Amino acid sequence: MKSLTVELSGRSYEIKIGSGLLAQCGELIGAVTDAQMLAVVTDSNVAPLYLEAVEKSLTAAGFSTVSVIFPAGESSKNIQTLNMLYERFAQAGLTRGDGVVALGGGVTGDLAGFAAATMFRGIDFIQIPTTLLAQVDSSVGGKTAIDLPQGKNLVGAFYQPKLVLADIDCLKTLTQRTVCDGMAEVIKYGMIADETLFSLLEGMGGIDDLPKYWKQVICICCDIKRAVVAEDEHDTGRRGILNFGHTLGHAYELAYHYETYTHGEGVAAGMVKMLEVEEKQGKNAAQLKARLLALLKKFRLPVKIECTMEAYRAAIGLDKKAKGDMINVIEVETLGHAEIVSMKKDVLFALLEA
Ligand code: GLY
């Protein structure tokens with residue numbers, strides 16, 4: 001098991017990455033919380049696979065548990081499911097000294113995290129991410145949220161977990177598409193911060209090669225995220241680089257009503273489009289684009305998604321990196337180095353339309 005520490009002012013927490021962590025979760029969680037009861041929040045896909053093992057370990061460690069299962073999918077990340085969680089927590093007798101465990105992917109972590117942030121004005125929260133995307137990105141850094149009909153993640157809070165347990169054994173049950181979804185974020189880390197990671201991915205034969213690299217790859221990604229979050233916990237500056245490809249990626253997700261493309265697929269095509277935007281500004285991104293395209297194709301991710309200007313405008317309008325008529329875009333000109341560039345929204349629209 002590998003441990004990384006997220007150092008925040010006055011607080012810090014561990015990300016533990018390894019095999020067999022679900023069976024040890026009771027003991028590991030017991031070391032970071034005084035809670036007596038833990039509410040385990042999970043979805044209808046993950047519950048049949050891993051809930052029993054988690055409950056068993058928590059019970060053996062002396063916790064009482066209440067499990068809350070919601071229907072899997074982004075469409076559950078809403079105020080109704082959140083309300084259901086609050087009611088189930090209250091019915092079970094959860095107190096201010098107790099805690100919430102998120103067992104699942106990004107939707108579960110976001111939803112359970114926001115419930116933990118707001119129940120009794122904040123109770124202990126533990127992340128057990130079970131997808132690659134959640135292990136390398138969403139479980140680390142304290143972003144929690146629910147969606148509104150108008151857009152994703154529009155209501156939320158920064159609320160750091162007390163512990164993140166990334167059990168790489170959980171990745172064995174993922175579909176290939178879900179693995180590839182997470183690989184888009186892994187490739188993004190290479191693009192924005194780590195040329196060596198990018199080269200490691202380039203050296204792999206393909207998806208079948210991935211399992212022997214899981215621990216190494218997840219540790220590298222979490223280490224990058226850990227450092228960025230430690231520098232800018234509340235996303236007012238440098239943390240923006242983690243959103244490379246995301247503004248345009250959100251437009252693709254939105255344009256197809258979150259039904260056709262996964263988040264990672266949107267980010268993949270968004271990174272390529274962003275390099276094209278750079279080229280249109282006269283920057284030299286041709287070689288980098290060729291390397292990115294090859295890597296995305298290897299991990300079965302889309303390199304282009306058709307999108308109307310209307311969808312681009314809608315997504316950019318909702319983007320949390322926008323202020324007034326300006327937006328911060330993330331550019332990568334040299335592999336492993338991202339820059340935050342402030343640009344007029346109209347300039348970005350014109351570059352996208354050209
Ligand atoms: N997923 C981007 C961030 O945590 O800031």
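Both backbone and side-chain heavy atoms feed into the values below; hydrogens, waters and symmetry mates do not. All figures in this text were calculated on a predicted structure; none of them were measured in a lab. Start at 1 and go down the list; that is how both ligands and their atoms are numbered.
- Taking the salt bridge (charged side-chain N to carboxylate O under 4.0 Å, His left out) definition, one finds that Glu231 meets it with nothing, sequence neighbours left out.
- Judged by distance alone, the side chains of Arg11 and Gln160 never bring a donor and an acceptor atom under 3.5 Å apart.
- Within a 6.0 Å sphere centred on CD of Glu52, other residues, nucleotides and ligands contribute 12 heavy atoms or fewer.
- Within 4.0 Å of ligand 1, protein heavy atoms belong to Asp137, Lys143, Lys225, Arg239, Leu242, listed by chain and number.
- Partners of His257 according to the ring-ring contact (aromatic ring centres under 6.0 Å, His included) rule, which considers only residues two or more places apart in sequence or in another chain, do not exist here.
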Q. So Glu276 and Lys304, salt bridge (charged side-chain N to carboxylate O under 4.0 Å, His left out) or not? Walk me through it.
A. CA-CA 11 Å; Glu276 288 169 4; Lys304 183 177 172 63; 5.6 Å; no
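- Under the ring-ring contact (aromatic ring centres under 6.0 Å, His included) criterion, Phe198 pairs with no residue at all, not counting sequence neighbours.
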